[in-house]
Amino acid sequence: MTQTKDTKETIRIGAVQAESAWLDLQAGVDKTCAIIKEAGEKGVEILGFPEVFIPGFPFQIYTSTPDQDFVLDYQKNSMVVGSPEYNQIRRAVRDAGIWAVVGFSERVGSTLYLAQSFINPKGDVVHHRRKLKPTHVERYLYGDGQAEDTKTCVTTEKDITIGGLNCWEHFQPLLKYHHYNQGVQVHVASWPYLAPAGPGVPMSTSAEVSGDVITRTLAVEGGCFAMVCSATISKEGSIKMKVPTSLGGPAATPIEGGGFAAIYSPNGTILAKSKDQFSEEIVIADVDLDDIHRHKQMADCIGHYSRPDLFSLNVTNTPMPRVKYSDGSHIPSVAARQLPLED
């Protein structure tokens with residue numbers, strides 16, 4: 001956190017727009033570490049990554065019936081929490097001295113999850129969560145998050161609350177209200193490829209709606225800074241991942257682009273955005289946290305602009321083991337949610 005000449009306290013935040021190293025775990029980890037290093041050199045304090053940046057979004061599930069060979073390849077290139085690859089990223093975050101919210105496909109045994117890890121400047125995993133409900137055909141490939149994944153925010157050593165959601169979790173009104181109630185100040189919206197609306201790209205899944213309208217609405221509704229973090233794709237990548245031009249069929253001609261990264265203020269102002277849909281870059285903005293107070297003077301949906309006597313929300317956040325034994329023990333069904341970094 002820095003102070004400007006007029007004594008405002010600002011922080012520098014960054015949203016990643018980059019192409020995944022498709023179906024290559026180690027290459028994806030190396031690229032993630034390089035981006036983290038670049039962010040640290042540019043003074044970024046909080047960095048957000050796209051959804052399943054490692055090993056990339058599995059477009060093939062939209063183009064054909066389930067292909068077990070593709071899924072097996074995807075499983076083998078998904079990341080295990082606590083693995084050498086995972087710890088390589090944690091060390092990169094520590095060396096850069098930043099906070100990072102890293103999106104990846106997590107593998108636990110043979111099950112995959114759409115995961116986000118919140119890593120602090122010491123390389124410690126402060127929180128790890130999974131998308132609560134995979135969207136549409138994602139349900140073939142990924143499992144559901146559980147009660148512990150309703151926690152969507154962490155608080156930094158500087159008392160800044162960072163939050164994160166994956167993709168169409170931003171379409172879940174109750175989850176978003178719970179998210180706001182955790183006090184989010186800097187939100188990481190992890191999205192996959194976000195193409196402009198057009199043939200084969202429904203408006204609801206487009207950059208214009210999912211990237212802009214939905215994420216900007218979260219910023220204004222929740223009174224926070226929101227970062228759109230998304231992947232872009234090359235023609236080579238679209239061939240490898242069988243990116244569809246329409247739901248139900250692969251691209252007749254390789255397509256490219258689909259990047260949409262932006263940072264919004266609590267009042268909905270665009271503070272920064274990517275050059276175009278093809279670029280690979282870290283979109284950066286210096287933000288004044290007092291803008292949150294300025295906005296919430298008018299509308300604080302979890303404070304003065306709420307009516308809990310009329311409307312309230314119940315959240316089940318108690319972990320439920322899959323197997324319980326009579327002696328009270330159980331075999332943990334989830335990865336550790338907090339992991340100190342040990343060299």
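Only a predicted model underlies this, so the values are computations on that prediction, with no experimental measurement involved.
- Residues Met241 and Phe57 have side chains not in contact (no heavy-atom distance under 4.5 Å, counting atoms from C-beta outward).
- A 4.5 Å side-chain heavy-atom check between Tyr193 and Ser238 finds every atom pair outside the cut-off.
- Remark: Gln60 CD to Phe70 CZ distance equals 5.0 Å, nearest 0.5 Å.
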Item to check | side chain to side chain contact (heavy atoms under 4.5 Å, CB included) between Val44 and Trp99, worked out | outcome: CA-CA 9 Å; Val44 171; Trp99 278 84; over 6 Å; no
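- Put simply, the side chain of Glu51 reaches to within 4.5 Å of the side chain of Lys131, judged on heavy atoms.
- Here the CG-NZ distance, from Asp73 to Lys76, works out to 8.0 Å after rounding to the nearest 0.5 Å.
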Next on the checklist: Go through it in stages, so that I can follow the logic: the residues are Gln17 and Trp191, the test is side chain to side chain donor-acceptor pair (under 3.5 Å), and I'd like the CA-CA distance, side-chain angles, deciding distance and then a yes or no.
Outcome noted: CA-CA 10 Å; Gln17 176 175 299; Trp191 293 91; over 6 Å; no
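- Close placement of the Tyr62 and His136 rings is indicated, their centers lying within 6.0 Å of each other.
- Side-chain contact between Val126 and Ile162: absent, with no pair of heavy atoms (C-beta onward) separated by less than 4.5 Å.
- With 3.5 Å as the limit, one finds a donor-acceptor pair spanning the side chains of Ser210 and Trp168.
- Put simply, the side chain of Asp288 never gets that close to the backbone of Thr10: no donor and acceptor are under 3.5 Å apart.
- Within the 4.5 Å cutoff, side-chain heavy atoms of Ile36 are placed close to those of Phe49.
- The side-chain contact (heavy atoms from CB on, under 4.5 Å) test with Met227 singles out one residue from Thr215, Leu47, Ile13, and that residue is Ile13.
- Under a cut-off of 6.0 angstrom, the local environment of CG in Asp309 is crowded, with over 12 non-hydrogen atoms contributed by other residues, nucleotides or ligands.
- With hydrogens and angles ignored, the 3.5 Å screen pairs a side-chain donor or acceptor of Glu169 with a backbone N or O of Leu132.
- Looking at Glu41 and Lys37, a side-chain N of the basic residue comes within less than 4.0 Å of a carboxylate O on the acidic one, giving a salt bridge.
- Proximity of Ile270 to Arg216: side-chain heavy atoms (C-beta onward) are separated by under 4.5 Å at one or more points.
- Lys122 has no carboxylate O lying under 4.0 Å from a charged side-chain N of Glu157, or vice versa, which leaves the two without a salt bridge.
- A donor-acceptor contact under 3.5 angstrom links the side chains of His128 and Glu106, judged on distance only.
- A distance-only check finds no donor-acceptor pair linking the side chain of Tyr264 to the backbone of Leu218 [under 3.5 Å].
- Using modelled atom types and a 3.5 Å distance limit, the side chains of Gln182 and His178 yield a donor-acceptor pair.
- A pairwise comparison of heavy atoms in Leu341 and Gly123 identifies CB-O, 3.4 Å as the closest pair.
- At a cut-off of 3.5 Å, with distance as the only test, a side-chain donor of Arg129 or Gln116 sits close to an acceptor on the other residue.
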Item to check | Asp67 and Val71: CA distance, side-chain angles, deciding distance, side chain to side chain contact (heavy atoms under 4.5 Å, CB included) verdict | outcome: CA-CA 6 Å; Asp67 180 335; Val71 173; 5.7 Å; no
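- Using a 4.5 Å heavy-atom cutoff, the side chains of Leu313 and Asn181 are not in contact.
- Under the 4.0 Å criterion applied to side-chain N and carboxylate O atoms, Asp291 and Arg294 are assigned as salt-bridge partners.
- Leu271 and Phe260 fall into different hydrophobic clusters, where Ile, Leu, Val, Met, Phe, Trp and Tyr side chains are chained together by heavy-atom contacts under 4.5 Å.
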Item to check | side chain to side chain contact (heavy atoms under 4.5 Å, CB included) between Thr152 and Phe118, worked out | outcome: CA-CA 10 Å; Thr152 60; Phe118 296 69; 5.9 Å; no
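- The CD1 atom of Ile11 sits 4.0 Å away from the CD1 atom of Ile160 when rounded to the nearest 0.5 Å.
- Each of Glu19, Glu280, Glu85 was checked for a salt bridge (Lys or Arg N to Asp or Glu O under 4.0 Å) with Lys31, and the lone residue meeting it is Glu280.
- Checked by atom type and distance alone, the side chain of Thr232 pairs as donor or acceptor with a backbone atom of Gly257 at under 3.5 Å.
- Residues Asp149 and Gln146 form a side-chain contact, since some pair of their non-hydrogen atoms from C-beta on lies under 4.5 Å apart.
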